[in-house]
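Structure record follows, encoded as structure tokens.
Model, not experiment: these values are computed from the prediction. Each ligand, and each atom within it, is numbered from 1 in the order the structure gives. Throughout, numbering of the chain's residues begins at 1 and tracks the sequence.
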Amino acid sequence: MNPLKRLDRRRASVLSLVAATVLVTPGTAIGAPDAVKASTLGAQAAQSGRYFGTAVAAGRLGDGTYTGILNREFNSVTPENEMKWDTTEPSRGSFNFGPADQIANRAQARGQRLRGHTLVWHSQLPNWVRSIRDANTLRGVMNNHITTLMNRYKGRIHSWDVVNEAFADGGSGQHRSSVFQNLLGDGFIEQAFRTARSADPSAKLCYNDYSIENWSDAKTQGVYRMVRDFKARGVPIDCVGLQSHFGAGGPPASFQTTLSNFAALGVDVQITELDIAQASPTAYANTVRACMNVARCTGITVWGIRDSDSWRSGENPLLFDRNGNKKSAYNAVLTTLGGTPAAPRGTTDAAAELQ
Ligand code: G3I
């Protein structure tokens with residue numbers, strides 16, 4: 001073979017290897033060549049092996065602007081309320097999967113991944129659970145709830161928030177008071193994770209909480225000690241979800257340190273409920289950059305689509321305005337993921353509705 005051709009071939013295969021590495025290695029997308037830049041959040045995040053998701057409310061699925069953006073931008077979906085205990089098991093042993101199925105089936109039909117949220121949480125917990133006074137009864141009820149939900153969606157959920165917000169605010173670094181803590185003691189979290197692993201061995205099992213983003217905070221340290229202990233004793237845990245409900249300044253300076261310190265324990269980290277008061281582009285970029293810089297930060301979920309969909313709507317904390325138009329924070333996020341914002345056009349609504 002002509003030596004020049006051989007050189008060309010070798011160069012081509014080296015280049016394709018480099019391109020493939022860029023496509024699959026978390027953290028490399030920022031330097032990706034133009035050819036692999038995408039113009040939507042999910043597609044761009046996928047190029048570094050990550051997902052970019054949003055919370056979805058079943059009640060909004062009839063809104064065309066909402067679903068247009070949902071279909072176009074996101075490759076992972078978290079039901080905002082529909083998988084919580086008050087909706088899924090409002091009375092003992094009587095399960096309601098209607099709203100959760102609506103979201104899950106829709107996501108699956110469109111190739112979007114699903115996060116399960118959440119199995120054991122002191123809030124949005126029906127009174128019949130709250131008022132249980134006997135440990136054995138509560139243990140049985142908790143295990144049955146976990147097993148029933150995980151069986152229902154077996155093989156369809158990439159990550160489950162098995163236990164949500166079990167740690168107290170403030171300086172104690174201890175678990176908060178709840179019916180689970182008060183009747184079952186510290187071991188309830190371990191019990192929940194063991195039950196979850198048996199129910200769906202293919203799902204990643206996450207502990208999810210807020211105000212654990214600043215490394216030196218007692219709450220962060222408490223969760224870190226728990227995860228370290230679980231890993232040391234072989235208690236099944238695969239990921240830590242950092243909710244990341246930030247004030248206007250965005251993430252604390254130590255955010256990336258926190259992500260990498262958890263990751264160094266041998267778990268994935270995920271940003272699970274991101275929103276930022278006033279949505280400063282810099283604050284969003286700083287958040288996304290911290291994730292991109294940590295190989296085991298596997299995905300980001302924003303907690304809603306438009307400002308008007310947010311639980312904090314008065315603070316305009318999301319990436320799309322009330323009319324569904326991209327905000328400047330959107331462009332900051334896409335750019336930080338390694339993508340190229342599309343040229344501005346009159347309105348994004350029409351295009352979104354065509355999707
Ligand atoms: O479904 C009822 C409806 O029937 C009723 O008419 C209406 C009147 O208020 O309330 C509806 O329920 C509301 C529910 O959202 C669904 O819209 C509840 O009042 C309201 O409290 C509930 O808020 C949710 C909140 O969790 C409850 O704790 C938010 O949508 C949801 O975004 C928020 O999400 C949590 C995460 O799960 C965990 N981390 C914190 C995050 C923010 O609080």
Side-chain angles (χ1 to χ4, degrees), residues 53-63 66 70 74 76-91 95-104 114-127 129-130 145-146 149 153 157 159-170 175-180 189 192 205-214 217 219-220 223 239-248 251 269-277 279 287 299-320 322:
T54 180
V56 166
R60 298 187 195 275
L61 291 174
D63 174 338
Y66 183 84
L70 172 59
F74 299 100
S76 174
V77 157
T78 308
E80 186 173 358
N81 289 295
E82 293 77 357
M83 287 185 175
K84 293 173 180 174
W85 201 316
D86 58 354
T87 299
T88 52
E89 194 183 4
S91 58
F95 288 87
N96 166 28
F97 292 116
D101 280 355
Q102 225 187 314
I103 295 177
L114 255 185
R115 291 195 85 262
H117 176 79
T118 174
L119 297 167
V120 180
W121 187 26
H122 65 276
S123 181
Q124 286 179 284
L125 186 66
N127 276 335
V129 184
R130 250 182 244 277
H145 184 78
I146 294 170
L149 264 76
Y153 299 103
I157 301 250
S159 306
W160 262 110
D161 291 333
V162 178
V163 175
N164 194 41
E165 302 177 4
F167 278 72
D169 297 323
H175 295 177
R176 72 168 70 236
S177 167
S178 72
V179 68
F180 303 106
I189 304 181
L205 308 181
C206 306
Y207 176 78
N208 190 52
D209 214 330
Y210 64 89
S211 294
I212 57 165
E213 294 84 13
N214 185 28
D217 283 356
K219 192 170 173 183
T220 310
V223 174
C239 36
V240 173
L242 297 96
Q243 293 183 9
S244 307
H245 295 294
F246 292 134
V269 287
Q270 303 177 13
I271 296 175
T272 51
E273 303 183 13
L274 178 61
D275 48 25
I276 304 180
T287 309
I300 299 174
T301 297
V302 286
W303 206 239
I305 296 180
R306 300 161 301 192
D307 287 332
S308 48
D309 304 318
S310 170
W311 69 298
R312 314 164 68 181
S313 61
E315 297 176 285
N316 298 320
L318 295 175
L319 301 178
F320 295 86
R322 272 145 223 275

Heavy-atom side-chain proximity of Ile212 to Val240 below 4.5 angstrom: yes

Do the non-hydrogen side-chain atoms of Trp160 and Ile146 ever get within less than 4.5 Å of each other? no

Might you point out which heavy atoms bring Thr78 and Thr301 nearest each other, and give the distance in Å?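 Of all heavy-atom pairs spanning Thr78 and Thr301, the closest is OG1-CG2, 3.8 Å.
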
Set of residues satisfying ring pair (Phe, Tyr, Trp, His ring centres under 6.0 Å) with respect to Phe167, sequence neighbours excluded: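 Applying ring pair (Phe, Tyr, Trp, His ring centres under 6.0 Å) to Phe167 gives His175, Tyr207.
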
Describe, in one word, how the ring planes of Trp121 and His117 are oriented to each other, choosing from parallel (under 30°), tilted (30 to 60°) and perpendicular (over 60°). tilted

Using heavy atoms and a cut-off under 4.0 Å, could you grab the residues that are in contact with ligand 1, chain by chain, numbers ascending? Glu80, Asn81, Lys84, His117, Trp121, Gln124, Asn164, Glu165, Gln243, His245, Glu273, Trp303, Trp311

Is the side chain of Asp161 donor-acceptor paired with the backbone N or O of Cys206 at a distance under 3.5 Å, no angle test?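 No, Asp161 side chain to Cys206 backbone: no donor-acceptor pair under 3.5 Å.
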
